[in-house]
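Computation of the quantities below employed the complete heavy-atom set of this structure, encompassing side-chain atoms and omitting hydrogens, waters and symmetry-equivalent molecules. These numbers were taken from a predicted model, which means no experiment stands behind them.
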Amino acid sequence: MFHLIWLLIVGAVIGALAGAITSRDLPLGWLGNIIAGLIGAWLGETLFGDWGPQIADSALLPAIAGAIIFVLIISWALTKIKHQK
């Protein structure tokens with residue numbers, strides 16, 4: 001149970017960092033940050049491996065890179081959807 005809470009906290013921090021680095025706001029606030037952090041951690045570790053320091057079974061550097069990629073993709077997609085209306 002504690003591992004799940006720790007994983008959600010780390011996901012939120014990674015998502016918030018990705019949003020701050022890209023200067024983009026995610027929908028749903030902190031929930032969006034948690035989702036971006038968790039999906040970004042999976043994406044980053046899939047693309048870049050699991051090197052670097054690890055917290056809650058997530059390699060921080062690939063997780064942050066993956067979250068940045070995920071935030072940029074979501075931001076681009078939302079902009080495209082907004083402009084089509």
Side-chain angles (χ1 to χ4, degrees):
M1 179 66 175
F2 183 71
H3 179 71
L4 177 62
I5 294 170
W6 184 241
L7 184 65
L8 293 175
I9 291 170
V10 170
V13 170
I14 289 172
L17 278 172
I21 290 170
T22 60
S23 298
R24 305 255 187 342
D25 289 328
L26 293 172
L28 304 177
W30 278 100
L31 183 61
N33 285 338
I34 292 170
I35 293 168
L38 294 176
I39 293 174
W42 171 81
L43 179 66
E45 289 183 13
T46 300
L47 293 175
F48 306 119
D50 59 351
W51 51 275
Q54 295 199 4
I55 295 178
D57 295 332
S58 294
L60 288 181
L61 299 177
I64 293 170
I68 289 170
I69 292 168
F70 183 72
V71 166
L72 290 174
I73 290 170
I74 293 298
S75 176
W76 174 79
L78 290 175
T79 302
K80 285 290 194 183
I81 291 170
K82 184 178 176 182
H83 283 28
Q84 285 182 353
K85 290 184 177 182

In Å and rounded to the nearest 0.5 Å, what is the [atom1] to [atom2] distance from [X] to [Y]?
X     : Y     : atom1 : atom2 : result
Thr79 : Ile74 : OG1   : CD1   : 11.0 Å
Ile34 : Leu7  : CD1   : CG    : 10.0 Å
Asp50 : Leu60 : CG    : CG    : 12.0 Å
Leu43 : Phe70 : CG    : CZ    : 8.5 Å

Under a 4.5 Å side-chain heavy-atom rule over Ile, Leu, Val, Met, Phe, Trp and Tyr, are [X] and [Y] clustered together?
X     : Y     : value
Leu72 : Ile64 : yes
Ile55 : Trp51 : no
Leu61 : Leu47 : yes

Using distance only, find each side-chain donor-acceptor pair of residues 12-22 under 3.5 Å and give its atom names and separation, not counting sequence neighbours.
unit_1 : atom_1 : unit_2 : atom_2 : d
Thr22  : OG1    : Ala18  : O      : 2.8
Thr22  : OG1    : Gly19  : O      : 3.4

**Asked** Shortest non-hydrogen contact from Phe48 to Pro62?
**Response**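 Smallest interatomic distance, heavy atoms only, reads CB-CB, 4.1 Å.
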**Prompt:** Restricting to pairs with a member in residues 67-77, which pass side chain to side chain donor-acceptor pair (under 3.5 Å), not counting sequence neighbours?
**Reply:**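 Matches after skipping sequence neighbours: Arg24-Ser75.
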